[in-house]
Amino acid sequence: MRWSQLFIPTLREDPADAEVPSHRLLLRAGYIRQLAAGIYSYLYLGQRSVLKISRIIREEMDRIGAQEFFLPAIHPAELWQESGRWDQLADTMFQFKDHGGRELCLGMTHEEVMTDIARGELRSYRQLPQIWYQIQTKFRDEARPKSGLMRLRQFIMKDSYSFDIDEAGLDASYKKHYDAYCRIFSRCGLDYQIVEAHSGAMGGSQSHEFMVVSDAGEDHIALCVKECGYAANLEKARSAVKPVQDLDGDHAPEEFSTPNIRTIEELVAFSKTGPEHMMKAVVYVAPAADKDKKDEVVLAFVRGDHQLSEAKLADALGGATVRSARPEEIQQTFGAAPGSIGPLGVKGVRILIDEAFRGRRNLISGANRDHHHIRYLTPEKDFTGAYHDLREVADGDPCVRCGRSLRVASAIEVGHIFKLGRRYAQAMGLRVLDRDGKEVTPIMGSYGIGVERILTAAIEQNHDQNGMCPPRAVAPFEVVLTPTNLKDDSIRQAAEQLYAELRQTGVEVLYDDRDERPGVKFKDADLIGIPLRITVGRKVGDGLVELSERSTGVRADAKIADVVTLVRSRYCG
RNA sequence: CGGGGCGUGGCGCAACCUGGUAGCGCGUCUGCUUUGGGAGCAGAAGGUUGUGGGUUCAAAUCCCACCGCCCCGACCA
């Protein structure tokens, strides 16, 4: 393509609204323009990158035998009411009415539509397994879109769904996706991590997320610094605890005065005891499912130097959504203010204890009386509760698997696979006959990839002061051909000829035939991140051009006669 | 949804506090010169100052309401 005829609106200055590097560069390089919060137009370069990413995904999905569909973005409300998600997801779904008053929504995902097709057509175990996928625009009315293409209200997603007759079949479909995803992200040039994931309110038994470590990411993961391979989403990550030496002796619990002591920190200073000997009481409320029932107050304990994980607490309570209790609720339930809450004498409140307290003794906690705490508390002897893993892993905690340190990092979620189970199939009446002629409910898997997030992650991982340097697989062109001065006949002729030859041999080449000074062309080429530049300049008289690699900055002269072969073999093979 | 910030030619900003009819840089257009890292000179075009209302002789500027965008937090199948 001839640059002079293309629309590549590069910007010299940083746009005021862009903070993270990928957003800034996508705007500056003329890949995208914003239409509204979380809604972007993909211009020529952006669309080329998106198409290249989509093509890679398509190839790898086809390779595992997945079949591509194209499904509606507009869905009738009834479909989502059947699965129960119309109300459940009302806050993040674009819902609207047509002229006749019929309720519709823009699809945020396609479990319902896929399952609807399946229930109408799949009759026999002989038709299974099936893997169906699509690459489609999804819509979510995010409470807070942010960071360019990181969190969008309209975005492109590859989503696939597997239907199997039994668990073993699902395992196989899951494994196929796992492997396909590895190939996809590797081909896109991403340095990624696979982490065990929390399957969330969707249910499901097993789940992995494909994460790209980046400061711009909004997820948090824990990674073992050694090669034991442990990696998990922070919502699910576990850590070991270093053994703690408790105070010996068989003491009875003893209340003591702690005037104006409310925080663990103050208590540590006051009692001259380490926080690992304290039971931090955290009070939560699980709102009642029915309006007739009362909200349930729960009391959770984590070690003084640990943090409670709300996700784990919610899991321990069977997937309920929880909120922290208000001070007046705490006062009413325990007869004391937050900061003085403890396990003794508590009635009618569920008590959850973090695993880290197993086998511990002579601990300190609140006395349920203002300005008082209790020491010599021993779980199981003095009070009981259910043990659960409740604490959030902190940077530097020992790895559960190998005991080395865990690193907590922020990351971009580019893919997510999980075993859905039978929830949708059941709710929507998908049944097939098995070998014995008995009706059974197939088991499903659901697998997603965020297309824009691959682009975002690729840029977050690969950029410098001059612009982006995306991997070749996602860059909009493979080569930029840059004549330094088109008014010089020998330069122009050499460039024109190279352009023709490169195109002929199938190299994706962007020919910068603009009447601009060399500096402008170099800056633009660096900004938009074309992996290889061929500069046709002053050495053309000696039969030489210059090759320079965007990502490394390495430059070398090459004979004009050899360039096409060289480029094809070394750079665009 | 809570907190904070910002809306002025295409982009980045100034003028607002202290009211007097909008200015700078970049970009754009024309001409000449220049040509290996965002050129120089000369000339030119381009703005209902987010929207609506109010105060005033007079509003980008003061007041009220609304809309939009960004950031932090909550939320995130």
Side-chain angles (χ1 to χ4, degrees), chain A residues 7 9-20 23-24 27-28 30 33-40 80 83-93 105 107-112 138-148 150-153 155 157 159 161 197-204 207 209 216 218-220 233 235 310-311 314 319 321-324 413 416 418 420 423-424 446-448 450 465-467 482-488 491-492 512 514-527 533-540 544-546 548 553 555 557:
Chain A
F7 181 62
T10 57
L11 303 171
R12 286 195 188 212
E13 287 171 275
D14 280 336
D17 282 345
E19 299 232 322
V20 301
H23 187 199
R24 227 177 49 226
L27 285 167
R28 276 197 60 199
R33 285 294 182 264
Q34 183 174 34
L35 184 63
I39 302 176
Y40 287 82
W80 289 78
S83 68
R85 295 208 292 179
W86 179 261
D87 294 324
Q88 189 188 331
L89 300 179
D91 285 346
T92 36
M93 189 155 40
C105 67
M108 23 193 311
T109 172
H110 283 73
E111 278 84 5
E112 279 80 358
K138 310 275 171 172
F139 302 87
R140 291 182 199 181
D141 194 1
E142 286 285 350
R144 190 176 156 212
K146 59 177 282 196
S147 306
M150 185 80 71
R151 191 195 296 201
L152 293 162
R153 293 198 292 170
F155 57 98
M157 183 169 165
D159 51 323
Y161 306 87
H198 185 80
S199 32
M202 292 280 292
S207 173
E209 284 167 338
E218 14 180 40
D219 276 278
H220 296 277
N233 190 304
E235 288 180 338
E310 286 196 15
T321 49
V322 292
R323 61 170 172 83
S324 39
E413 180 190 346
H416 193 171
F418 62 100
L420 254 190
R423 174 183 162 177
Y424 293 91
S446 165
Y447 318 87
Q465 279 198 319
N466 296 318
T482 309
T484 55
N485 184 357
L486 285 167
K487 294 204 170 85
D488 181 318
I491 291 177
R492 190 172 44 76
D512 194 350
R514 295 176 299 168
D515 182 21
E516 289 286 355
R517 295 167 61 87
V520 173
K521 296 185 178 188
F522 295 154
K523 289 288 185 190
D524 270 346
D526 287 350
L527 180 60
R533 189 178 80 212
I534 304 174
T535 310
V536 184
R538 55 196 170 202
K539 289 180 199 151
V540 92
L544 294 175
V545 294
E546 184 187 78
S548 48
R555 298 182 187 188
D557 286 337

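In what follows, chains carry the letters A, B, and so on, assigned in the order in which the sequence lines appear, proteins first and then strands, with residues in each chain numbered from 1. FYI, side chains are in, hydrogens and waters are out, and symmetry mates aren't considered; it's all heavy atoms of this structure.
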By salt bridge (Lys or Arg N to Asp or Glu O under 4.0 Å), A:Lys523 pairs with (sequence neighbours left out) none
Just checking A:Glu235: base, sugar-phosphate only, or nothing, at a heavy-atom cut-off of under 4.0 Å?
nothing
Measuring only between side-chain heavy atoms, which start at C-beta, is A:His23 closer than 4.5 Å to A:Ser147?
no
Given B:G25, B:C69, B:C71, the nucleotide with the shortest approach to the side chain of A:Gln34
B:C69
What residues, two or more places apart in sequence or in another chain, satisfy side-chain contact (heavy atoms from CB on, under 4.5 Å) together with A:Glu218?
A:Lys146, A:Met150, A:Arg151, A:Arg453
Of the listed nucleotides (B:C76, B:G37, B:U35), which one gets closest to any side-chain atom of A:Arg151?
B:C76
Just to be sure I understand the rule, does A:Asp91 reach a base, reach only the sugar-phosphate, or reach nothing, if contact means heavy atoms closer than 4.0 Å?
nothing
Counting any heavy atom closer than 4.0 Å, what does A:Thr482 reach on the DNA or RNA strands: base, sugar-phosphate only, or nothing?
nothing
Between B:C71, B:C26, B:C75, which nucleotide gets closest to the side-chain atoms of A:Glu19?
B:C71
Do any N or O atoms of the protein come closer than 3.5 Å to N or O atoms of nucleotides 27-29 of chain B, and which pairs are they?
residue, atom, partner, partner atom, Å
B:G27, OP1, A:Arg12, NH2, 2.8

When all nucleic acid strands are considered with a 4.0 Å heavy-atom cut-off, which category describes A:Lys521: base, sugar-phosphate, or nothing?
nothing
Have a look at A:Asp14 and say if it touches a base, only the backbone sugar-phosphate, or nothing, with a 4.0 Å heavy-atom cut-off.
sugar-phosphate
Report yes or no: does A:Tyr40 contribute a side-chain atom to a donor-acceptor pair with the main-chain N or O of A:Leu152 at less than 3.5 Å?
no
Picking from B:G25, B:C72, B:G38, the nucleotide nearest the side-chain atoms of A:Lys146 would be B:C72
At under 4.0 Å between heavy atoms, what does A:Arg33 touch on the DNA or RNA strands: base, sugar-phosphate, or nothing?
nothing
With rounding to whole Å, what would you report as the distance between B:C24 and B:A65 at their C1' atoms?
33 Å
Answer with base, sugar-phosphate or nothing: what part of the nucleic acid does A:Thr92 contact at a heavy-atom distance below 4.0 Å?
nothing
If I take atom CG in residue A:Asn485 and atom C1' in nucleotide B:U34, what distance separates them, rounded to the nearest angstrom?
9 Å
With sequence neighbours left out, write down each residue that passes side-chain contact (heavy atoms from CB on, under 4.5 Å) with A:Asp91, or none if nothing qualifies.
none
For A:Arg538 and B:G36, is the shortest distance between a side-chain N/O and OP1 or OP2 below 4.0 Å?
no
What pairs with A:Asn466 under side chain to side chain donor-acceptor pair (under 3.5 Å), at least two apart in sequence or on another chain?
none
Base, sugar-phosphate or nothing for A:Glu546? Non-hydrogen atoms, less than 4.0 Å.
base
With P as the reference atom in both, quote the distance from B:G31 to B:G36 in angstrom, rounded to an integer.
23 Å
Quote, to the nearest angstrom, the P distance that separates B:G38 from B:G46.
32 Å
Identify whether any heavy atom of A:Arg28 sits under 4.0 Å from a base atom; if not, whether one sits that close to sugar-phosphate; answer base, sugar-phosphate or nothing.
base
Classify the nucleic acid contact of A:Ala36 as base, sugar-phosphate or nothing, counting any heavy atom under 4.0 Å across all strands shown.
sugar-phosphate
With C1' as the reference atom in both, quote the distance from B:G7 to B:U61 in angstrom, rounded to an integer.
15 Å
What residues form a side chain to side chain donor-acceptor pair (under 3.5 Å) with A:Asn485, not counting sequence neighbours?
none
List in chain and number order the residues that pass salt bridge (Lys or Arg N to Asp or Glu O under 4.0 Å) with A:Asp141, two or more places apart in sequence or in another chain; answer none if no residue qualifies.
A:Arg153
Spatial distance of atom CZ (A:Arg492) from atom NZ (A:Lys487) [nearest 0.5 Å]:
11.0 Å
How far does the C1' atom of B:G20 sit from the matching atom of B:C13, given to the nearest Å?
24 Å
What residues form a side-chain contact (heavy atoms from CB on, under 4.5 Å) with A:Thr92, not counting sequence neighbours?
A:Leu89, A:Met108
B:A14 to B:C76 separation - C1' atoms, rounded to the nearest Å:
40 Å
Name all residues meeting the salt bridge (Lys or Arg N to Asp or Glu O under 4.0 Å) criterion together with A:Glu112; count only those two or more places apart in sequence or in a different chain, and write none if there are none.
A:Arg85
If you write RNA chain B from 5' to 3' in dot-bracket form, with Watson-Crick or G-U pairs under 3.5 Å, [ ] for crossing pairs and | for pairs with another strand, what do you get?
(((((((..((((......[..)))).((((((.....)))))).....(((((..]....))))))))))))....
For nucleotides 1-6 of chain B, list the nitrogen or oxygen atoms of the protein found under 3.5 Å from its nitrogen or oxygen atoms, one pair per line.
none

Can you list the residues that meet the side-chain contact (heavy atoms from CB on, under 4.5 Å) rule with A:Arg517, with sequence neighbours excluded?
none
Nucleotide nearest A:Arg517 when distance is taken to its side chain, options B:U34, B:G25, B:G36
B:U34
Regarding A:Ser83 and A:Glu111, do their side chains bring together a donor and an acceptor under 3.5 Å, going by distance alone?
no
Whole-Å P distance, B:G27 and B:A22:
25 Å
So what does A:Ser548 touch, heavy atoms closer than 4.0 Å: a base, only the sugar-phosphate, or nothing?
nothing
